[in-house]
Structures are given as structure tokens and as C-alpha cells.
Amino acid sequence: MASTGLEGVLPGGFNASLETPKDPAALAKLKEACAAAYKDHPNSCSHAVNAIVRTVLGMSEQAWPQRQANDLVAFLTQSTDWTEVTLDRAYELALQGVPVVGGKAETGTNGHVIIVYPGLRKPRGGYGYTDKTGAAKTVAVKGSYPLALSTSLGSWPGARSNGDKTVWDPWGKDASFELVKFWAPAKSASGKPDVSAMLRKGGMRYG
């Protein structure tokens, strides 16, 4: 495998290749849960995300009840069992098979939630859409972002992703995406090095 160029900035003993899964079985389980949720809940982001969390963490519907997007964001924000993580950390954890929820609440309407899909980063955009005037346009290809599992009842094409679009695409605007937060199970998020600052030092940036 080609060198990632991170050997000089990662802490000793840490696998320099962040593209290498730490637990193939956990990674496969997360991918299978994402595929099932995308098929079973194509029009509801919250149902898809809740289903994935239950499957991967082995929880019943009683232990993890259905929450709509705004309620789920509020729950994750307040829960001591979940912790907010950076986008870089979300990427690391997803590659280890850990379910990471991304989301943004909205006032007066439903928010949106996603799961960080376990796969290699890619540029956002590259797909077509129709603007408010009816003109056909294409979302600009830019940056490098983790992938997303996202379903939606809405018409925005970026909000539907079975690992083929990025975590940026469901929102489709930099200003909106800057307000998106990510949460992971606290026990999984702790005990592993958060290399976000070191990744930036090494020149790996988003956007």
C-alpha cells in the first residue's frame, strides 16, 4: 500500500493508514445495516438512522424508540451515552464499524439525520438537480468528505445516498453543512486517538 504521508504526524503505534478498517466484521455489519435501512426506509431519514443504530448496537425498539430527526438531534445532544465528535473522528469511527449519526435540527419543520457510511472519502457533488426556475444544473464537484447513508421524502437528490454521496450532499450548501453535528457512542469514541488536528497539520482538509 502506498504511504499516506502521515507517518510523521500520527502518534506512535497508531495505524498510519486511516483507510484500513480496524474490525472487518464490525465494518461489514454496519454496511449491511445501511443497505437494509436504505431499502426498508427510502422516504424517512429518521427511520433509517434509528434502524441502523438498533441493528449495529443490538438494541430493541423499546431500548431505542423511534425518534424523528429533530427529537433525535436533541436526544444525542443531551445523552451521556453519546458524544459529539469531529468530522475527521466520525470518518475514523465509521471505518471501524461504529455507527456515527450526523444531523441538523430545523425550526418549524423536520430536520435531517444521516449515518456516516464506512467507505473512503470522495468529493461532494457531481449530480444534477433542477433549480427553482426549472433550469437544469449540476452540483459542483469539490473537496473530500466521508460518505453518507441518507434517505429522504424530499426531492433534493443529494439527500438520497447509499454510500454513493457524501455527508455534505444531503444539505447541499456550505452554510448549512457547517451547522451539522456528528455523534458517536461515547464508549466507542473514547480510547482512540483523535487525529483531527494532526490531519490538518499534514495538509488533509475538507472543502
Side-chain angles (χ1 to χ4, degrees), residues 14-15 18-38 41 45-59 64 67 69-105 111-122 124 143-152 158-171 176-197 199 204 206:
F14 186 76
N15 187 342
L18 296 181
E19 319 295 5
T20 302
K22 304 301 184 296
D23 187 340
L27 184 68
K29 185 175 184 180
L30 178 55
K31 285 186 175 182
E32 290 171 2
C34 287
Y38 188 80
H41 307 288
C45 65
S46 60
H47 279 82
V49 168
N50 285 308
I52 293 167
V53 171
R54 290 190 202 103
T55 299
V56 176
L57 299 184
M59 303 177 75
W64 187 274
R67 298 179 178 91
N70 285 348
D71 293 335
L72 182 55
V73 167
F75 169 79
L76 294 171
T77 300
Q78 300 170 3
S79 176
T80 57
D81 294 325
W82 289 73
T83 186
E84 186 177 339
V85 296
T86 66
L87 183 56
D88 290 319
R89 186 67 172 132
Y91 174 66
E92 296 170 15
L93 293 169
L95 285 179
Q96 297 168 27
V98 176
V100 180
V101 179
K104 177 177 175 291
H112 189 67
V113 287
I114 64 172
I115 290 286
V116 181
Y117 189 88
L120 304 186
R121 285 173 291 225
K122 64 175 287 186
R124 51 87 157 171
S144 179
Y145 297 84
L147 307 181
L149 183 287
S150 176
T151 63
S152 176
R160 292 180 178 273
S161 171
N162 188 17
D164 56 297
K165 297 184 183 70
T166 77
V167 296
W168 182 93
D169 291 298
W171 287 274
S176 295
F177 183 65
E178 287 177 359
L179 300 177
V180 176
K181 296 183 177 180
F182 297 87
W183 298 269
K187 291 183 179 179
S188 298
S190 63
K192 300 284 187 180
D194 185 339
V195 299
S196 301
L199 285 172
M204 297 178 67
Y206 296 103

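From a predicted model like this one, the values you see are computed outputs, not experimental measurements. Scope of the values below: all heavy atoms of this structure, side chains included, with no hydrogens, waters or symmetry mates.
Within the 3.5 Å criterion, the main-chain N or O of G143 finds no donor-acceptor partner in the side chain of R124.
A159 and S152 get closest at one heavy-atom pair: CB-CB, 3.6 Å. Here the shortest heavy-atom pairing between P146 and L87 reads CG-CD1, 3.8 Å. Pairing each heavy atom of P99 with each of P185, the nearest pair is O-CD, 3.3 Å. The two residues A48 and L149 make their nearest non-hydrogen contact at CB-CD1, 4.4 Å. Between C45 and A69, the shortest heavy-atom contact is SG-CB, 4.3 Å. Between S188 and V98, the shortest heavy-atom distance links the atoms CB-CG1, 3.8 Å.
When the side-chain hydrogen bond (donor to acceptor under 3.5 Å, both in side chains) test is applied to R67, no partner is found at least two apart in sequence or on another chain. Shown here are the side-chain hydrogen bond (donor to acceptor under 3.5 Å, both in side chains) partners of T166, two or more places apart in sequence or in another chain: D169. Taking S150 as the reference, H112 meet the side-chain hydrogen bond (donor to acceptor under 3.5 Å, both in side chains) condition, with sequence neighbours excluded. Scored by the side chain to side chain contact (heavy atoms under 4.5 Å, CB included) test, A148 finds I114, S161, V167 as partners (sequence neighbours excluded). Every side-chain hydrogen bond (donor to acceptor under 3.5 Å, both in side chains) that W168 has, sequence neighbours left out, goes to D174. Scanning for salt bridge (Lys or Arg N to Asp or Glu O under 4.0 Å) contacts around K104 gives E106, with sequence neighbours left out. Among residues two or more places apart in sequence or in another chain, the side chain to side chain contact (heavy atoms under 4.5 Å, CB included) test is passed with H47 by H41, S44, Q66, Q68. When the side chain to side chain contact (heavy atoms under 4.5 Å, CB included) test is applied to A26, the partners found at least two apart in sequence or on another chain are D23.
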Checklist entry - ring pair (Phe, Tyr, Trp, His ring centres under 6.0 Å) between W64 and F75: does it pass, once the steps are laid out? => result CA-CA 11 Å; W64 187 274; F75 169 79; 5.4 Å; yes
Item to check | Y91 and L120: CA distance, side-chain angles, deciding distance, side chain to side chain contact (heavy atoms under 4.5 Å, CB included) verdict | outcome: CA-CA 9 Å; Y91 174 66; L120 304 186; 3.9 Å; yes
List the atom pairs, donor and acceptor, that lie under 3.5 Å between side-chain atoms in residues 27-36 and the rest of the protein, sequence neighbours left out.
{"residue": "K29", "atom": "NZ", "partner": "V56", "partner atom": "O", "Å": "3.4"}

